[in-house]
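Treat the numbers as computed from the prediction; the structure is a model and nothing was measured. Order of the sequence lines fixes the chain letters, A, B, ..., with proteins taken first and strands second; residue numbering starts at 1 for each chain.
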There are 2 protein chains.
Amino acid sequence: MHQLKFERIPRATISRLAVYVQELEVMEQQGIKVISSEKLAQLCGVNPSQIRKDLAYFGEFGVRGVGYYVHELREAIRQSLGLDRTWNVVLVGVGNLGRALLRHNLLRKRGFVIVAAFDCDPFKIGEEIAGLEVNCTSKLPKSTRDMNVEIGIITTPPERAQRAANYLMEGGIKGIVNFAPSRISTPENISVEYVDFINHMFSVAFNITQKQIRGLL
Amino acid sequence: MHQLKFERIPRATISRLAVYVQELEVMEQQGIKVISSEKLAQLCGVNPSQIRKDLAYFGEFGVRGVGYYVHELREAIRQSLGLDRTWNVVLVGVGNLGRALLRHNLLRKRGFVIVAAFDCDPFKIGEEIAGLEVNCTSKLPKSTRDMNVEIGIITTPPERAQRAANYLMEGGIKGIVNFAPSRISTPENISVEYVDFINHMFSVAFNITQKQIRGLL
DNA sequence: CTGCCATTGTTAAAAAATTCACTATGCATC
DNA sequence: GATGCATAGTGAATTTTTTAACAATGGCAG
Ligand SMILES: NC(=O)c1ccc[n+]([C@@H]2O[C@H](COP(=O)([O-])OP(=O)(O)OC[C@H]3O[C@@H](n4cnc5c(N)ncnc54)[C@H](O)[C@@H]3O)[C@@H](O)[C@H]2O)c1
Ligand SMILES: NC(=O)c1ccc[n+]([C@@H]2O[C@H](COP(=O)([O-])OP(=O)(O)OC[C@H]3O[C@@H](n4cnc5c(N)ncnc54)[C@H](O)[C@@H]3O)[C@@H](O)[C@H]2O)c1
């Protein structure tokens with residue numbers, strides 16, 4: 001009776017589901033078999049209703065009076081999000097951050113496999129990082145088509161992000177995760193996400209300032 | 001008549017303000033002197049009312065019939081957020097990501113100065129990165145107090161994040177930006193922000209999947 | 001097999017955030 | 001100095017998201 005809802009799913013829900021998955025994995029490692037929304041909520045720093053609601057978008061995964069089976073819930077979320085498969089990814093801009101991401105194993109663990117890396121700097125082309133050779137950006141469109149890549153990661157300087165995005169789109173990419181602090185323009189059918197860490201710095205600074213101001217009153 | 005409002009300011013507003021600042025800086029470099037909420041909204045991918053509302057939390061910065069003076073608006077936002085000063089920051093966990101952040105100059109440009117870096121790996125201690133010597137984590141609490149550090153960045157593996165946070169709190173830190181994918185527990189008076197990039201990967205993957213499902217119907 | 005307990009799934013209420021629509025006002029022009 | 005125009009500021013309406021409350025139900029004890 002549930003199976004597929006046509007409600008729009010809030011962006012914030014996806015964000016939280018990522019957190020749930022992470023916490024569930026830790027529990028699984030610790031051998032915890034069952035968890036209630038109450039306890040999970042506590043660990044994730046959210047409201048228990050919120051968890052039940054988030055999950056309700058996708059189906060019924062719990063057992064009333066018992067809770068959620070940790071392993072099954074994790075699997076259910078992964079499936080719901082379309083993460084129960086491998087996604088081919090390319091990375092554009094092999095600088096400090098690009099290298100860190102290439103060497104990072106969490107992506108692969110989640111099914112995102114970086115199959116190629118590109119840079120426009122001749123000194124970087126040919127270099128090998130994490131078992132991957134850096135290629136010239138001009139080869140990007142053909143490579144991504146040949147390798148059936150669906151997602152592109154941009155880690156170029158901000159003023160180059162649009163150019164990188166254009167290459168990716170030329171290569172038939174369907175989604176972009178942009179780490180550069182600049183907006184890019186793309187047609188409607190491309191999903192774009194911006195990873196911005198400076199806003200978190202702003203937020204912490206602002207909160208500290210606020211508390212100090214409040215404290216003075 | 002405005003000066004200080006006691007409304008709670010939405011987290012999302014701060015996030016957008018960071019985007020506005022970035023776009024305003026680009027305009028300033030291009031020599032653009034004045035911008036309307038309409039145009040800025042277009043560049044930032046938001047609604048013009050949203051911009052006016054966001055700014056209204058802090059004051060009146062525009063000129064009716066004209067728009068906003070780019071430089072003044074940028075300054076006004078920076079001031080409103082408490083970014084018109086220098087923030088001393090320390091970083092814990094000098095791995096791939098930690099190094100990338102240490103070498104990154106956007107932080108400094110925004111007034112966040114990393115004054116010390118710590119790691120527990122004896123092979124890393126003593127190494128110099130971006131003009132900063134890596135110190136032993138055991139020295140962290142004393143150092144942060146001595147250097148008047150207010151913000152800590154965590155880039156350790158997730159299972160070490162809590163420990164890193166404890167050291168930071170021992171050092172009298174007021175806010176934490178955690179790049180590790182694990183929740184940390186802290187007393188109320190510490191501001192914590194989680195930088196999570198995997199949820200953006202999830203989101204793009206999910207959106208692509210959704211579109212494909214929709215397309216089939 | 002019955003009834004109780006715990007905890008989910010869900011509906012309703014509340015709160016928060018966004019967008020709209022309009023009012024106010026600074027600036028330029030005549 | 002008055003008039004028109006463009007655009008900011010703002011209160012109200014709308015939409016979205018979160019939280020609370022509770023009815024439904026699986027498991028377990030007796
Ligand atoms: N370093 C960090 O910790 C960090 C953190 C968050 C965000 N960022 C952002 O990520 C981006 C990269 O940061 P970084 O520190 O790695 O910078 P970087 O200068 O070290 O690396 C940028 C790389 O992109 C390459 N490049 C430039 N134009 C290109 C193009 N058109 N096509 C392909 N490659 C191109 C350069 O050759 C260079 O290798 C920046 O936008 C930065 O603001 C960095
Ligand atoms: N690499 C990336 O691109 C990336 C991106 C996003 C998030 N992250 C997250 O950031 C964190 C760091 O990632 P990484 O790739 O740099 O890992 P890494 O293993 O390269 O670096 C971790 C560093 O932390 C140090 N460390 C461990 N325990 C410590 C402790 N108790 N005190 C001080 N230092 C300690 C280690 O010695 C090591 O140098 C991880 O949690 C990762 O999930 C990484």
Side-chain angles (χ1 to χ4, degrees), chain A residues 1-20 24 27 32-70 72-74 76-77 80 199 203, chain B residues 1-20 24 27 32-77 80 199 203:
Chain A
M1 37 112 269
H2 211 318
Q3 300 306 45
L4 243 167
K5 278 203 180 170
F6 278 108
E7 253 172 289
R8 220 192 100 276
I9 290 155
R11 177 67 186 72
T13 290
I14 307 292
S15 204
R16 283 188 299 265
L17 288 171
V19 176
Y20 305 159
L24 288 167
M27 280 181 236
I32 297 169
K33 292 270 183 291
V34 182
I35 186 93
S36 66
S37 58
E38 179 93 29
K39 290 244 184 65
L40 182 58
Q42 216 169 346
L43 285 168
C44 299
V46 301
N47 180 300
S49 294
Q50 184 84 81
I51 293 188
R52 300 202 293 275
K53 186 68 149 217
D54 285 339
L55 297 175
Y57 286 114
F58 299 99
E60 301 186 11
F61 308 124
V63 182
R64 296 178 191 209
V66 177
Y68 301 90
Y69 291 102
V70 173
E72 289 186 9
L73 181 56
R74 190 186 70 106
I77 296 177
S80 303
N199 86 61
S203 202
Chain B
M1 41 117 274
H2 212 318
Q3 299 307 43
L4 243 166
K5 278 202 177 170
F6 279 108
E7 251 171 291
R8 220 193 101 276
I9 289 154
R11 177 65 187 71
T13 289
I14 308 293
S15 204
R16 283 189 298 265
L17 288 171
V19 175
Y20 306 159
L24 288 167
M27 280 182 236
I32 297 169
K33 292 271 184 291
V34 183
I35 186 91
S36 66
S37 58
E38 179 92 29
K39 290 244 182 64
L40 182 58
Q42 217 170 345
L43 284 168
C44 299
V46 301
N47 181 299
S49 294
Q50 184 84 81
I51 292 187
R52 300 202 293 273
K53 191 68 126 189
D54 284 339
L55 297 175
Y57 285 113
F58 299 99
E60 300 186 11
F61 307 124
V63 182
R64 296 178 192 209
V66 177
Y68 301 91
Y69 291 102
V70 173
H71 177 79
E72 288 186 10
L73 181 57
R74 191 186 70 106
E75 275 308 302
I77 296 177
S80 304
N199 86 62
S203 203

Give one of base, sugar-phosphate or nothing for B:Gly65, where a contact means two heavy atoms less than 4.0 Å apart.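 Base contact - B:Gly65 has a heavy atom under 4.0 Å of at least one base atom.
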Heavy atoms only, 4.0 Å cut-off, all strands: where does A:Arg16 land among base, sugar-phosphate and nothing?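 Answer is sugar-phosphate: A:Arg16 comes under 4.0 Å of backbone atoms only.
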Within-4.5 Å side-chain heavy-atom neighbours: B:Glu75 and B:Phe61: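 B:Glu75 does not reach B:Phe61 side chain to side chain.
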Taking the side chain as C-beta and beyond, is there a heavy-atom pair between A:Leu24 and A:Tyr68 under 4.5 Å?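 With C-beta onward as the side chain, the pair stays apart.
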To the nearest 0.5 angstrom, please state how far the [atom1] atom of [X] sits from the [atom2] atom of [Y].
X       : Y       : atom1 : atom2 : value
B:Gln50 : B:Cys44 : CD    : SG    : 11.0 Å
A:Ser37 : A:Leu73 : OG    : CG    : 10.5 Å
B:Gln42 : B:Ile51 : CD    : CD1   : 10.5 Å

Choosing from [options], which nucleotide comes nearest the side chain of [X]?
X       : options               : answer
A:Val63 : D:dT18, C:dT8, D:dG27 : D:dG27
B:Ser49 : D:dT19, C:dT19, C:dT8 : C:dT19
A:Asn47 : D:dT19, D:dG9, C:dT18 : D:dT19

Are A:Arg8 and D:dT17 close enough that a side-chain N or O sits under 4.0 Å from OP1 or OP2?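 Answer is yes, contact under 4.0 Å.
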Output yes when at least one side-chain N/O atom of A:Tyr68 is less than 4.0 Å from OP1 or OP2 of C:dG9, else no.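 A:Tyr68 to C:dG9 OP1/OP2: side-chain N or O found under 4.0 Å.
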Between A:Pro10 and B:Phe61, which is nearer to the 5' end of DNA chain D once each is assigned its nearest nucleotide?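 This one resolves to B:Phe61.
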When the distance from [atom1] of [X] to [atom2] of [N] is rounded to whole Å, what number comes out?
X       : N      : atom1 : atom2 : result
B:Asp54 : C:dT19 : CG    : C1'   : 12 Å
A:Arg52 : C:dT7  : CZ    : C1'   : 7 Å
A:Tyr57 : C:dT10 : OH    : P     : 13 Å
A:Leu55 : C:dT10 : CG    : P     : 11 Å
B:Leu73 : D:dA8  : CG    : C1'   : 12 Å
B:Lys53 : C:dC22 : NZ    : C1'   : 13 Å
B:Tyr69 : D:dT7  : OH    : P     : 12 Å
B:Glu72 : D:dA8  : CD    : P     : 14 Å

Going through the distances and angles, do A:Asn47 and A:Lys53 end up as a side-chain contact (heavy atoms from CB on, under 4.5 Å)? CA-CA 10 Å; A:Asn47 180 300; A:Lys53 186 68 149 217; over 6 Å; no
Between B:Asn199 and A:Arg11, does a side-chain contact (heavy atoms from CB on, under 4.5 Å) hold up when you go through it step by step? CA-CA 10 Å; B:Asn199 86 62; A:Arg11 177 67 186 72; 2.8 Å; yes
Ignoring hydrogens and angles, answer whether the base of D:dG9 and the side-chain atoms of B:Arg64 contain a donor-acceptor pair closer than 3.5 Å.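 Looking at the base of D:dG9, it does not pair with any donor or acceptor on the side chain of B:Arg64 (distance under 3.5 Å).
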What residues in residues 36-43 of chain B put a non-hydrogen atom under 4.0 Å from any atom of DNA chain D?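 Contacts with DNA chain D under 4.0 Å: B:Ser36, B:Ser37.
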